[in-house]
Amino acid sequence: MLYPVVWRDDRVALIDQNRLPRELTQVEIRRSDDMAMAIKTMIVRGAPAIGVAAAYGMYLGAREIETRDRTAFLERLEAVGQMLRETRPTAVNLFWAIERMLKVARTTPGSVEQVRQTLLETAKAINAEDIETCQAIGDRGLEVLPNQPGKLRLLTHCNAGALATAGYGTALGVVRSAYTAGRLERLYADETRPRLQGAKLTTWECIYDGIPVTVITDSMAAHCMQQTMIDAVVVGADRIAANGDTANKIGTYSLALVAKAHNIPFFVAAPKSTVDLSLSNGSQIPIEERDPAEIYQIGETRLVPKGAEFYNPAFDVTPAELISAIITEQGAIAPGELQSIFANPSPAS
Ligand code: MRU
């Protein structure tokens, strides 16, 4: 299996996702500011993966703080958290992981060195938990995929695979579980303009794991649905508001609208850590805007003549009413039930 974020020999090894599919290489990160830059420049990307990366970034920052005074240490760790928060605004897993690390730092008794050690253990735990969570999401997804005589043809957008998590993937985790269970005929992967995570990463991951994949441009999805080539759509999420409205890669919303028009189930697969109950609806989710160069050029080649203006939102919000179910590690949940299930967790969860 692919592990995009690995703790090894006192440093973090990140798969450099900007170099895929040309080459599979790792970047070694030893400092918290380098981790912030890796998140910002999308060497590591995908909501759960940047959460795990930020958790290790917090430990790296803790290691850099040269003091034995707890109060001074905690103050400077808050500043590391702020630096990591300022990398990308939409995926809530980033903020969730930073908060969890800060809470551990505040509540762990003992010396600064003991707090540092607990922070490393917590980052490793966040990493390991995410792999388990994704496997659970994959398996719970099988319970809601259409039960039909033939094998399934699924469509996904962007990359919500092993590369976007600590391993296995969320939406691609469901696809992976369907493939392993012998229920998948083929995955259709939207190329996902402008950064092409579908064409570059999802396709690479599928080929790596032997999952049959057909790549289409984003504008072909409606046609494929009209031609009855798609049985269900499965996508990931960057942030889910309390009412089920879901932010995911730009283009997800139009896919959901088209799926609705063709009566095709539309599933969001995401861990509980992607749910942000502090936001009542999707209009409150901050949407990242990225460099217009992502639109006007590919590699070093400029495609669009100079003189135009550009708008490059990296995410959009799919309203809850277009989502058939949200597949979490606890099973598939109707978007409208998120609040009651996650605000009042059962003692076991
Ligand atoms: O800009 P990216 O590549 O970080 O966006 C990734 C996505 O939109 C994914 O679908 C989402 O983070 C879910 S990843 C399991």
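Positions are given from 1, in the same order as the sequence printed here. All values below were derived from every heavy atom in this structure, side-chain atoms included, with hydrogens, water molecules and symmetry-related copies excluded. Atoms within each ligand, like the ligands themselves, are counted from 1 in listed order.
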Thr165 neighbourhood, listing ligand 1 atoms whose heavy-atom distance to it stays under 4.0 Å: 15 (C)
Atom indices of ligand 1 within 4.0 angstrom of Gln197 heavy atoms, with elements: 1 (O), 2 (P), 3 (O)
Identity and distance of the protein heavy atom lying nearest atom 7 (C) of ligand 1: Asp238 OD1, 3.3 Å
Arg45-ligand 1 polar pair, N/O distance under 3.5 Å: yes
Close-contact set for ligand 1 against Ala160 heavy atoms, below 4.0 Å: 14 (S), 15 (C)
Main-chain N/O of Thr25 paired to Asp16 side chain as donor or acceptor, under 3.5 Å: no
Flag for Ser283-Asn281: side-chain donor and acceptor within less than 3.5 Å: yes
Atom 15 (C) of ligand 1 [closest protein heavy-atom partner, distance rounded to 0.1 Å]: Thr170 OG1, 3.1 Å
Options Asn248, Leu196, Asp130, ranked by nearest heavy atom to atom 9 (C) of ligand 1, top entry: Asn248
Test item: side-chain donor near acceptor, Thr202 and Gln197, under 3.5 Å: no
Contacting atoms of ligand 1, where contact means under 4.0 angstrom from a heavy atom of Ala47: 12 (O), 14 (S)
Test item, Asn159 contacting ligand 1 (heavy atom, 4.0 angstrom): yes
Donor-acceptor pair between Gln82 and Glu78 side chains, under 3.5 angstrom: no
Sub-4.5 Å side-chain heavy-atom contact between Asp190 and Leu255: yes
Side-chain donor-acceptor contact under 3.5 Å, Gln297 with Arg302: no
Within-cut-off N or O pair, Gly46 and ligand 1, under 3.5 Å: yes
Ala91 near ligand 1 by a heavy-atom separation under 4.0 Å: no
Protein heavy-atom partner closest to atom 14 (S) of ligand 1 - residue, atom, separation in Å: Ala164 CB, 3.5 Å
Selection from Met42, Arg195, Arg88 by shortest heavy-atom distance to atom 4 (O) of ligand 1: Arg88
Protein heavy-atom partner closest to atom 13 (C) of ligand 1 - residue, atom, separation in Å: Ala237 O, 3.4 Å
Atom 5 (O) of ligand 1 [closest protein heavy-atom partner, distance rounded to 0.1 Å]: Lys249 CE, 3.3 Å
Distance-only donor-acceptor check, side chains Glu75 and Thr71, under 3.5 Å: no
Side-chain donor-acceptor pair present, Gln26, Arg19, cut-off under 3.5 Å: no
Heavy atom of Cys158, distance to ligand 1 below 4.0 Å: yes
Between Tyr3 and Asn127: side-chain donor-acceptor atoms closer than 3.5 Å: no
Gly161, any N or O under 3.5 Å of ligand 1 N or O: no
Arg195 and its side chain to side chain contact (heavy atoms under 4.5 Å, CB included) partner, picked from Asn18, Asn312, Asn159: Asn18
Between Ser177 and Tyr168, a side-chain donor and acceptor under 3.5 Å: yes
